[in-house]
Number of protein chains: 2
Amino acid sequence: MSADPNLRREIPDATVARLPEYLRTLSRLAEDGVLSVSSEELAAAVGVRSAQLRKDLSHLGSYGVRGVGYEVETLALEISRALGLTEDWPVAIVGMGNLGHALASYSGFVTKGFRIVGLFDDDPALAGQHVVGVPIRPLADLPACQVADPVSIGVIATPARAAQAVCDSLVAVGVTSILNFAPAVLTVPEGVDVRRVDLSTELQILAFHAQRKSLAAGDGDLRSVVSQ
Amino acid sequence: MSADPNLRREIPDATVARLPEYLRTLSRLAEDGVLSVSSEELAAAVGVRSAQLRKDLSHLGSYGVRGVGYEVETLALEISRALGLTEDWPVAIVGMGNLGHALASYSGFVTKGFRIVGLFDDDPALAGQHVVGVPIRPLADLPACQVADPVSIGVIATPARAAQAVCDSLVAVGVTSILNFAPAVLTVPEGVDVRRVDLSTELQILAFHAQRKSLAAGDGDLRSVVSQ
DNA sequence: AAGTGTGAAAACATTCACAGCA
DNA sequence: TGCTGTGAATGTTTTCACACTT
């Protein structure tokens, strides 16, 4: 029953995670007026191996020219299409503390397909304030807003203790993609996709590698640990 | 020349990335007064398979009791030790816009081994302000501060265009672990460890999965996509 | 009886190396 | 000639299934 055996291949998760990097780098190249790029050059700019880049791109289709390279514009468009960025993604942010403000005013947001349609916070001191032209409302207003301009991606930027309740509210109005900045594991029904971003996890991973470096140095067994 | 063949095993990166989750969940259990936990219970609370949890923990050593489970306190301590959180990690944040403020006041920071020793921003309007008791200074003051209380982890929360210069300044004073929130790929010397956290990458990955869900639904080929 | 710790198997991801095309 | 696209080889991660210990 599922169609397009040639067009709609399976793209590995590891590849999907790198496509945004490729896209960002291609956009920068395009700004600089670069028209064409080889896998070797693009890979170097992104910080991966050229074989990996070519393998990744091969999952999208065949958009390079043998002996020449990739046309920057074309490739950027195809990656955008693969990621779904040619569609419009209305986003709501819940929790307008420092982090919520930072996220709302983050430029990368607006540029590519993402559009902030709602900002929510139950703090009365924030109610009615506008950030990037969007008013902050209590979370109770979410269902009403959802009718006017339905949110497809919800961003949780509240403290950990509020995160599950906020998540439930988002799921209740039909949001199936959630980006969670709160340090909490969320329980969601099947079919809802949650990604978590956490500062302290990242710091702890850095600490682990830093510790290894200092241990190795103390051993006289210096080994460079570089990852990006 | 490298010692401790039994104690200092190689811990896989995939495992290291999950240890902070385990630790957070264990801390919550400890707060709730739970003394002992099985791999099945802990795995469920974290959102992984029990076999994966046991395999991960086996890399740290043998801290469980067969037929019983793991003692919450002990396991938390051993994970902390493996991650290097029993040491003190002085952190500097560069770029004190909304994001920098959010990071500086983030609670998870202080709790576990991380200590903010410097906040930097070249905006004269911010100079001298205090956040969490630490004054904001111009980046030029970094070398002087470094003598008094040396930074081991640098956090970059500046706009993309400033990121490489900031990174160079950090590396110049001997920082070898960097957490980069700017949407830019940093070039660093061998031995310097960079991790990047990027909102728009995360949003794009969500968009990809959301697109797949809607395509699959349109096909009548519904497939649940849940990841966390 | 219950649940850890771990070899072995399976799945997944990266890298190599080269055929094939412009 | 130069560079892409891709099978085959290698490396890593996850899962299975059960011996072993308390």
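Chain A is the first sequence line, chain B the second, and so forth, proteins listed ahead of strands; every chain is numbered from 1.
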A.B. asks: At less than 3.5 Å, do the side-chain atoms of R66(B) and the base atoms of dT4(C) form a donor-acceptor pair?
C.D. replies: yes
A.B. asks: Can you tell me how far C1' of dT14(D) sits from NE2 of H59(B), to the nearest Å?
C.D. replies: 10 Å
A.B. asks: Distance check needed: dT4(D) C1' versus E41(A) CD, whole Å only.
C.D. replies: 14 Å
A.B. asks: If I take atom CZ in residue R49(A) and atom P in nucleotide dC3(D), what distance separates them, rounded to the nearest angstrom?
C.D. replies: 19 Å
A.B. asks: If you assign each of A51(A) and G64(B) to its closest nucleotide in DNA chain C, which residue comes earlier from the 5' end?
C.D. replies: G64(B)
A.B. asks: May I have the distance from L75(B) (atom CG) to dG5(C) (atom C1'), rounded to whole angstrom?
C.D. replies: 14 Å
A.B. asks: Using a cut-off of less than 4.0 Å, is there contact between a side-chain N or O of Y70(A) and OP1 or OP2 of dG5(D)?
C.D. replies: yes
A.B. asks: Does E10(B) come within less than 4.0 Å of R212(A), counting only side-chain N to carboxylate O?
C.D. replies: yes
A.B. asks: Can you tell me how far P of dA13(C) sits from CG of D56(A), to the nearest Å?
C.D. replies: 10 Å
A.B. asks: To the nearest Å, how far apart are D13(A) CG and dT14(C) P?
C.D. replies: 11 Å
A.B. asks: Side chain of V65(B): nearest nucleotide among dT22(D), dA13(C), dT6(C)?
C.D. replies: dT22(D)
A.B. asks: Of E40(A) and V68(B), whose closest DNA chain D nucleotide lies nearer the 5' terminus?
C.D. replies: E40(A)
A.B. asks: Among dG7(C), dG5(C), dA19(C), which is the nearest nucleotide to the side chain of K55(B)?
C.D. replies: dG7(C)
A.B. asks: Quick one: is S39(A) getting a side-chain N or O under 4.0 Å of the dC3(D) phosphate, OP1 or OP2?
C.D. replies: no
A.B. asks: Between dA13(C), dT14(D), dT4(C), spot the one nearest the side chain of A14(B), thanks.
C.D. replies: dT14(D)
A.B. asks: What I want to find out is whether R81(A) reaches E87(A) closely enough, with some N-O distance under 4.0 Å, to be called a salt bridge.
C.D. replies: no
A.B. asks: So, the side chain of E202(A) versus the backbone of V197(B): is there a donor-acceptor pair under 3.5 Å, distance only?
C.D. replies: no
A.B. asks: How many whole angstroms separate atom CD1 of I11(B) from atom P of dT13(D)?
C.D. replies: 12 Å
A.B. asks: Assess the side chains of D56(B) and Q52(B): does a donor N or O sit below 3.5 Å from an acceptor N or O?
C.D. replies: no
A.B. asks: Tell me whether the OP1 or OP2 atom of dG7(C) has a side-chain N or O from R54(B) closer than 4.0 Å.
C.D. replies: no
A.B. asks: How many whole angstroms separate atom CG of L42(A) from atom C1' of dG2(D)?
C.D. replies: 17 Å
A.B. asks: With nearest nucleotides of DNA chain C determined for V37(B) and R18(A) from heavy-atom distances, which residue corresponds to the more 5′ nucleotide?
C.D. replies: V37(B)
A.B. asks: For R54(B) and S39(B), test the side chains for any donor-to-acceptor distance below 3.5 angstrom and give the result as yes or no.
C.D. replies: yes
